[in-house]
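All figures in this text were calculated on a predicted structure; none of them were measured in a lab. The chains referred to below are lettered A, B, ... by the order of the sequence lines, with proteins before strands, and numbering in each begins at 1.
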Amino acid sequence: MRRYDPRVSEELRPRLTLPAGSRVRRHADVRRVFDHGRSAAVGPVVAYVFARDDDAPPRYALVVGKRWGNAVQRNRTRRLLRESFRLTRPELPRGFDVILLPREPLFTALLGDVLPGVRQAVHAAARRFRRDGPGQPRAREGGRRRR
RNA sequence: GGAGCGACCCGGGCGGUCGCGGCGUCCCUCGCGGGCGCCGAGGAAAGUCCGGGCUCCAUCGGGCAGGACGGUGGGUAACGCCCACCGGGCGCAAGCCCAGGGAAAGUGCAACAGAGAGUAGACCGCCGACCGGCGGGCGGCUUGCCGCCCGGUCCGGGGCAAGGGUGAAAGGGUGGGGUAAGAGCCCACCGCGCCGACGGUGACGUCGGUGGCACGGUAAACCCCGUCCGGAGAAAGUCCACAUAGGGGAGGAACUCGGCCGACGGGCCGGGUGCGAGGCGGCCCGUCUCGUCACAACUCCCGGGUAGGGCGUUCGAGGCGGCCGGCAACGGUCGUCCCAGAGAAAUGACCGUCACGGGGGCGCGAGCCUCCGGACAGGAUCCGGCUUACGGGUCGCUCCACAC
RNA sequence: GCCCCCAUCGUCUAGUCAGGUCCAGGACACCAGCCUUUCAAGCUGGGUACACGGGUUCGAAUCCCGUUGGGGGUA
């Protein structure tokens, strides 16, 4: 069985907390990231980012739909993404709202499989946002329409 | 040892590093902060299949319609659940299964096959007693008729339903008597119906008598009988804040009585009947609210806006232990405990170690080394059940084989 | 979360309420043959389905229960 090397976190002092305030909770904020943010995908992870007008640490939200399995499997997926975000948060660009989504099934994945993807995807999306600015909402033809 | 049946229990333990959600408390450089303490998923939290609590519909009243349930007795807040018992079916057995009321209230359905499918029927077959004919023999005499006998490997009428055959099902079964052949036609036993006695709270059982077969299947077909059920569902609901803009469309109906003002045009208030609209899931009754010569208000429909916060919200038909009652489900009583309450959603990540299971190797052996493995699955209003998914253990019992 | 509905050939569907005549019918699509120099069209023939597991019944696509998979409504 593969094991995750604990030295990854040993290097990363200071404190690696994940306070409640670092979560994007309001529906309007989530919509803003999806409609006007920029995205990038690395490995098993997709990241959407949108820059706020401050210099606070990055905030996150997770979107894991029913296609990723039952409640236990979705919880496992969310926890891996959250843990990856927590461990990499100090090195991520400040002032961004980040939404993380899985791109492939993560139920059987280990933390080491997910963490590099989160770090690189967020950085890539942030670079794209700084270069191109806010995007326009994609037209959703057919399918479900959000009000 | 093998096969099987039932009841019950458990759902890894300990430790470390970094974190998460509540509540309490303290600190500060007050912020989306930090320290400390306590608590933090399941036996199914699942499916959402039943039953209740709770909230709103003014009240939840009567009837119809509709739905659910269905042996008996108990348990329960209630149930479609549980316990005990009865009856039937399956199994060698331990045991398991049963929507298990009514088919003599009525209606419907049963393809194909078959003679006949529910007021039964006669294809093959069986019979030759009875009637008519045919053939033969004998006898009589009024010589072409009569009588008697024989013939079903002669015919028809007719009798029969035992046997064959069809079917899921053919209008009691077996045996004997009986008969021309047969048949509950008669008899014995079994089954069935009815009556009675006894036992049991009861479903029902046992025994006796009697009838002489009259009652086929299907109600998870309509239906009948009995019992129960008002509707919606926490995104229920309620309070506050914010916001849209007083948007568009549709609707209906009169009389009368009393009092007061006014001073003859009438106005105001209250009541009655009628009418209209609406609420009480559908309909009717009943009832309540509003309106009633109408700009408005009212009611309904459509359109538009908001997507924040508080309460509901977790102490409960609650858990654990003892004693008592009960075959049991369960109840009573005493003691003790406080056990998730989030609001897009917290239990995680990683590591060590010990147990447990499996494979391989070493060892005479106790054992040692090494590599794997640990299921189903995550609270979202709360309980009681059912169902479905799934890893393992303990105890008891049955049958078979072997040994003593 | 809560409350409803649906499932039949490759696709769209009929049959389900009132069980048998249904080894399930139709249209398009598919395959083969004929026709044509070839293709298309036309004609002839053919294959293909009751989501799954139980129960009731003599008999189930149909009735009942459970499972699975879809869809819709609701602040």
Side-chain angles (χ1 to χ4, degrees), chain A residues 1-123 125-126 129-130 134 136-147:
Chain A
M1 183 173 175
R2 296 165 300 168
R3 295 185 188 279
Y4 177 66
D5 187 351
R7 284 175 299 179
V8 169
S9 57
E10 294 292 333
E11 303 167 354
L12 298 173
R13 303 287 172 179
R15 302 184 41 82
L16 295 170
T17 62
L18 193 68
S22 66
R23 208 180 309 156
V24 180
R25 311 189 78 139
R26 298 176 58 92
H27 179 70
D29 293 340
V30 176
R31 282 254 54 81
R32 185 179 59 177
V33 177
F34 272 119
D35 289 343
H36 301 291
R38 295 292 182 179
S39 68
V42 174
V45 178
V46 181
Y48 279 77
V49 303
F50 182 89
R52 304 188 308 271
D53 287 334
D54 58 35
D55 195 38
R59 303 193 305 173
Y60 78 101
L62 306 171
V63 176
V64 180
K66 280 230 169 149
R67 59 178 299 202
W68 303 113
N70 61 28
V72 170
Q73 295 172 329
R74 295 197 304 274
N75 274 341
R76 163 79 185 179
T77 303
R78 268 191 288 271
R79 284 160 181 164
L80 283 172
L81 289 172
R82 185 188 305 113
E83 185 71 1
S84 298
F85 181 84
R86 177 177 77 88
L87 294 173
T88 57
R89 194 164 79 115
E91 48 183 303
L92 295 178
R94 301 172 71 87
F96 279 95
D97 281 348
V98 176
I99 297 180
L100 299 173
L101 301 89
R103 200 162 68 145
E104 56 190 58
L106 295 180
F107 178 50
T108 58
L110 297 168
L111 182 61
D113 303 330
V114 181
L115 191 141
V118 170
R119 174 166 41 209
Q120 293 164 32
V122 172
H123 277 295
F129 189 91
R130 290 201 185 92
Q136 291 304 309
R138 282 184 299 170
R140 288 184 174 78
E141 69 280 11
R144 328 161 39 116
R145 177 157 311 170
R146 289 185 177 83
R147 285 182 294 246

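In this structure, of B:rC350, B:rG378, B:rA349, it is B:rC350 that holds the atom nearest to the side chain of A:L110. Comparing B:rC18, B:rA349, B:rG378 by their closest approach to the side chain of A:R76 singles out B:rA349. Out of B:rC18, B:rG378, B:rC350, the shortest distance to the side chain of A:R86 is found at B:rC18. Minimum atom distance to the side chain of A:A71 is reached by B:rG379, of the listed B:rA349, B:rG379, B:rG348. Set against B:rG378, B:rC350, B:rA346, the side chain of A:R82 has B:rA346 as its closest nucleotide.
Across all strands shown, B:rG4 forms a Watson-Crick or G-U wobble pair with B:rC397, both key distances being under 3.5 Å. Judged by Watson-Crick or G-U wobble contacts below 3.5 Å, the nucleotide B:rG40 has B:rC20 as its partner. In this structure B:rC198 sits in a base pair with B:rG205, meeting the Watson-Crick or G-U test at under 3.5 Å. Of the nucleotides present, none pairs with C:rG47 by Watson-Crick or G-U wobble criteria with both distances under 3.5 Å. Nucleotide B:rC54 is matched to B:rG233 when pairs are restricted to Watson-Crick or G-U wobble geometry with both distances under 3.5 angstrom. For B:rA168, there is no paired nucleotide, since no Watson-Crick or G-U wobble pair has both relevant distances below 3.5 Å. Nucleotide B:rU299 forms a pair with B:rA250, judged by Watson-Crick or G-U wobble geometry with both contacts under 3.5 Å. Within the shown strands, B:rG151 is the pairing partner of B:rC134 under the Watson-Crick or G-U definition, both distances less than 3.5 Å.
When A:F129, A:Y60, A:F34 are each tested for a ring-ring contact (aromatic ring centres under 6.0 Å, His included) with A:F50, only one passes: A:F129.
Atom P of nucleotide B:rU17 and atom CG of A:L87 are separated by 17 Å, given to the nearest angstrom. Distance A:L81 CG to B:rA344 P: 19 Å, rounded to the nearest Å. Look at CZ on A:R94: it is 15 Å from P on B:rC32, rounded to the nearest Å. Straight-line distance from the CZ atom of A:R74 to the P atom of B:rG348: 17 Å, rounded to whole Å. Atom CZ in A:R89 sits about 13 Å away from atom C1' in B:rC20, given to the nearest Å. One atom, CZ of A:R79, and another, C1' of B:rC20, lie 10 Å apart when rounded to the nearest Å. Atom CG of A:L111 is separated from atom P of B:rC20 by 16 Å (rounded to the nearest Å). Going from atom CZ of A:R78 over to atom C1' of B:rG21 covers 15 Å, rounded to whole Å.
Anti is the glycosidic conformation of B:rU143, whose angle departs from 0 by more than 90°. Glycosidic torsion of B:rC337 falls outside 90° of 0, placing the base in anti. Glycosidic conformation at B:rG43 (O4'-C1'-N9-C4 for purines, O4'-C1'-N1-C2 for pyrimidines): syn, within 90° of 0. Base orientation of B:rG182: anti (glycosidic angle beyond 90° from 0). By the rule that a glycosidic angle within 90° of 0 means syn, B:rA243 does not qualify and counts as anti.
Using a distance-only test at 3.5 Å, with no hydrogens or angles considered, no donor-acceptor pair links the side chain of A:R38 to the main chain of A:V49. At distances below 3.5 Å, at least one donor-acceptor pair connects side-chain atoms of A:Q73 with backbone N or O atoms of A:N70. With hydrogens and angles ignored, the 3.5 Å screen pairs a side-chain donor or acceptor of A:R76 with a backbone N or O of A:A109.
Taking atom C1' on both nucleotides, B:rA115 is separated from C:rU56 by 33 Å, rounded to a whole Å. The same atom, C1', is picked in C:rC9 and in C:rA24; the two are 11 Å apart, to the nearest Å. Rounded to whole Å, the separation between the P atoms of B:rG2 and B:rC39 comes to 47 Å. Remark: the separation of the C1' atoms in B:rA93 and C:rU68 is 39 Å, to the nearest Å. Comparing the same atom, P, in B:rC8 and in B:rC320 gives a spacing of 16 Å after rounding to whole Å. Atom P of B:rG175 sits at a distance of 33 Å from the matching atom of B:rG102, rounded to the whole Å. For the C1' atom pair drawn from B:rC195 and B:rC79, the interatomic distance equals 42 Å after rounding to whole Å. B:rA41 and B:rG11: their C1' atoms are spaced 13 Å apart (whole Å).
Within the 4.5 Å cutoff, the side chain of A:R52 has heavy atoms near those of the A:R59 side chain. At least one side-chain heavy atom of A:L100 sits less than 4.5 Å from a side-chain heavy atom of A:F85. Side-chain contact between A:L101 and A:V45: absent, with no pair of heavy atoms (C-beta onward) separated by less than 4.5 Å. Taking 4.5 Å as the limit, some side-chain heavy atom of A:D97 sits within range of a side-chain heavy atom of A:R32.
Projected onto RNA chain B by closest heavy-atom contact, A:Q73 and A:L62 fall at different nucleotides, the more 5' of which corresponds to A:L62.
Within the structure, every side-chain polar atom (N or O) of A:N75 is placed at least 4.0 Å from both OP1 and OP2 of B:rG348.
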